[in-house]
Amino acid sequence: MAEVILMPRLSDTMTEGVIAAWHKKVGDQVKKGDLLAEIETDKATMELESYKDGTLLHIGADKGGKLQVNDLLAIIGQPGEDISQQISGGQSQAAAPQPAAQETAPAPKAEGDVPSQGGASGIDISKIEEVVLMPRLSDTMTEGVIAAWHKKVGDDVKKGDLLAEIETDKATMELESYKNGKLLYIGAEAGQKIAVNELLCIIGEEGKVDVQAIAAASKGGTAQAAPAQAAPAQQGTQAPAAPAPQTQAAAQAVPASASVTPEGRIKASPLAKKIAAEKGIDLNQVQGSGDNGRITKIDIDSFVPAQKAAAQAQPQVQAQPQAQAQPVVQGQEGYTDLTNSQMRKVIARRLSESKFTAPHFYLTMEINMDKAMEARAEMNEVSPVKISFNDMVVKAVAMALRKHPAVNSSWMGDFIRQYSHIHIGVAVAIEDGLIVPVIRFADQKPLSVIAAETKELAGKAKNKKLQPNEFTGNTFTISNLGMMDIEEFTAIVNPPDSAILAVGRIKEVVVRKGEGFGVSNVMKVTLSCDHRSVDGAVGATFLQTFKKYLENPVTMLV
């Protein structure tokens, strides 16, 4: 009977999938394990393999189509089968396994009878209807770790039931059953890994499937006691099987560390295992720093190959002390909630309003500071107060604003207010945030007075002694981070201003001078403007005037 394949949940948050590509078309022969389609989920594009042999009779959506989880994805059956009922039902349950599947896996001759090794090795479990192989749940998955089983041996399983959670190299994903029946066997306990296309579980009718033969065939022909083949009185319980000789040997080879379970399994994330395999790192020699000694990506990245080589060269009994010698980072996550000061609240509110309501644009210009440096050195020889480059910037800005009053303005909603006075705000960083002392009538003051006022106001700001009239009334603002080695940045307009100038550091550059090359000192400035009141051309001409003043400081004194 035709088998209905529903859209699987390929990620832990997936609700729908998009058909990225079909690798089989209607009428093609399909074998169990063949790549059927690529499904685009909310996390990645993943490959979906067929769980059945037969012919692809129907597809639920073409390439690019979208299907919800559990919608009809495809129907696989025999050529010529009537699938109208499956198409109309969409999610109808498939019929019980056919006798043909029983012939592939012969029923045991007697209860508890174990087939011979030769007979077991001759079984191709991929062709058995009741066999569920480990699916490829991500595009890079090579193996999966059983994070949890949601069904136990002996439970009835319906198509669409959540069967298990599989941890891949990307996420822990839910695996839904594609079959109806009873869970007769599981290939690994929670925490153990299974490679893609290896035996995950067996779902079928009890008494009609030779579980021991299938389990033995999946292990290469070694017949073991199959805990899932239990009598009806033992349903729901599973007696632990004796470990195979190779399992015991592996358990003895693992050092007794926190990263190894009592059964000998190394506790490591799939990503850690993948990186370790790529780097050729033996997980036995890695000390885990995760929960309960689990090995994580950080442990692999911090593992020192030289120590690993030394550990391998030593006898087995010395492996444990060397593993303990690995540095173990035992950090503790945490955070501290800091109460916002009133100043911080005001800064956040005003700058948010400015950034989100005023349409900003930015103009950057490079200024040659050679003559400014020479003039500053000469002025400081006679000035009663040491003049800084920032003082020269304040003076140059004030002089340029006198010639470009459109920049010395505020947006008032229904009108633009242009100020006849020029008050320059100078941003000062303090412990609680940022404050802007104001140099009033800066265009009318000499550089020595500007320097003295700036130092006085900056000192008051850091000591929190500024008076309201000393940090209000600005018509333009300057923010200078050059002393912090910042080369260039953009600033947010400080309301009610229409512009703010961001000043970077002065640095030496090689420039063409005459027929040769020389070194010049340059400084980058960026003008942020409120486009509602200052146009681009207005801001650009303002910067040109500002540049002329700084590149020829004597003009500021005329």
Side-chain angles (χ1 to χ4, degrees), residues 360-401 403-404 407 424-429 434 436-437 439 442-443 445-455 458 462 476-492 494 499-529 536 539-558:
H360 284 53
F361 71 89
Y362 309 97
L363 302 171
T364 299
M365 184 172 282
E366 195 172 80
I367 298 173
N368 188 310
M369 296 292 288
D370 288 344
K371 290 184 178 180
M373 295 179 73
E374 294 174 2
R376 174 176 176 264
E378 292 177 0
M379 287 187 291
N380 279 333
E381 291 180 359
V382 296
S383 174
V385 181
K386 186 176 181 180
I387 297 171
S388 69
F389 288 112
N390 192 69
D391 299 328
M392 299 179 72
V393 169
V394 171
K395 181 65 176 179
V397 164
M399 299 288 288
L401 287 174
K403 291 190 174 183
H404 303 278
V407 182
I424 305 297
V426 180
V428 175
L434 191 71
V436 184
I439 308 295
D443 59 319
K445 294 178 178 178
L447 278 168
S448 58
V449 175
I450 291 175
E453 284 191 17
T454 300
K455 287 181 174 59
K462 292 179 180 179
F476 188 97
T477 303
I478 296 172
S479 179
N480 191 340
L481 293 178
M483 68 289 294
M484 297 181 180
D485 213 28
I486 299 300
E487 193 169 309
E488 179 184 359
F489 70 103
T490 58
I492 300 174
N494 180 34
I500 183 172
L501 188 69
V503 182
R505 72 182 179 94
I506 299 173
K507 69 172 185 177
E508 292 184 342
V509 296
V510 177
V511 296
R512 182 79 179 226
K513 290 188 176 182
E515 296 182 356
F517 293 90
V519 175
S520 287
N521 296 278
V522 298
M523 178 180 75
K524 285 186 178 180
V525 296
T526 299
L527 182 69
S528 303
C529 300
T541 54
F542 166 80
L543 277 184
Q544 288 178 333
T545 303
F546 169 75
K547 179 178 181 178
K548 289 178 181 178
Y549 281 128
L550 270 188
E551 290 187 342
N552 296 280
V554 68
T555 58
M556 291 189 289
L557 306 177
V558 177

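- With rounding to the nearest 0.5 angstrom, the CG atom of N521 is 8.5 Å from the CE atom of M369.
- Between the T526 side chain and the A502 main chain, no donor and acceptor come within less than 3.5 Å of each other.
- In this structure, CE on M365 lies 9.5 Å from CG on L527, to the nearest 0.5 angstrom.
- You'll find the side chain of T364 stays beyond 4.5 Å of the side chain of L543, heavy atoms only.
- Judged by distance alone, the side chain of K455 and the main-chain N or O of K386 form a donor-acceptor pair under 3.5 Å.
- The nearest pair of heavy atoms linking A491 to S528 is O-OG, 2.7 Å.
- Sorted by first and then second residue, the pairs that involve residues 501-510 and meet side-chain hydrogen bond (donor to acceptor under 3.5 Å, both in side chains), not counting sequence neighbours, are D485-R505, E487-K507.
- Taking 4.5 Å as the limit, some side-chain heavy atom of S520 sits within range of a side-chain heavy atom of K513.
- In terms of heavy-atom proximity, K395 sits nearest to L447 at CB-CD2, 3.5 Å.
- Smallest separation of non-hydrogen atoms from E551 and K371: O-CD, 3.2 Å.
- For the pair A442 and I450, the tightest heavy-atom approach, listed with the atom from each and the gap, is O-CD1, 3.7 Å.
- Considering all non-hydrogen atoms of both residues, K445 and V449 come closest at CD-CG1, 4.0 Å.
- Looking only at side-chain heavy atoms (C-beta outward), I424 and L401 come within less than 4.5 Å of each other.
- Between L557 atom CG and N552 atom CG the span is 11.5 Å, to the nearest 0.5 Å.
- Within the 4.5 Å cutoff, the side chain of L550 has heavy atoms near those of the M523 side chain.
- Minimum interatomic distance between R376 and S388 (heavy atoms only, all atoms of both residues): NE-CA, 3.7 Å.
- Between L501 atom CG and L363 atom CG the span is 10.5 Å, to the nearest 0.5 Å.
- The closest side-chain heavy-atom distance from T545 to H404 is below 4.5 Å.
- Side-chain contact check for V397 versus Y549: every heavy-atom pair is 4.5 Å or farther apart.
- Expressed to the nearest 0.5 Å, how far CG of D391 lies from OG1 of T454 amounts to 4.5 Å.
- To the nearest 0.5 Å, atoms NE2 (H360) and OG1 (T490) are separated by 8.5 Å.
- In this pair, F546 and F542 present their aromatic rings parallel. The plane angle is below 30°, not in the 30 to 60° band.
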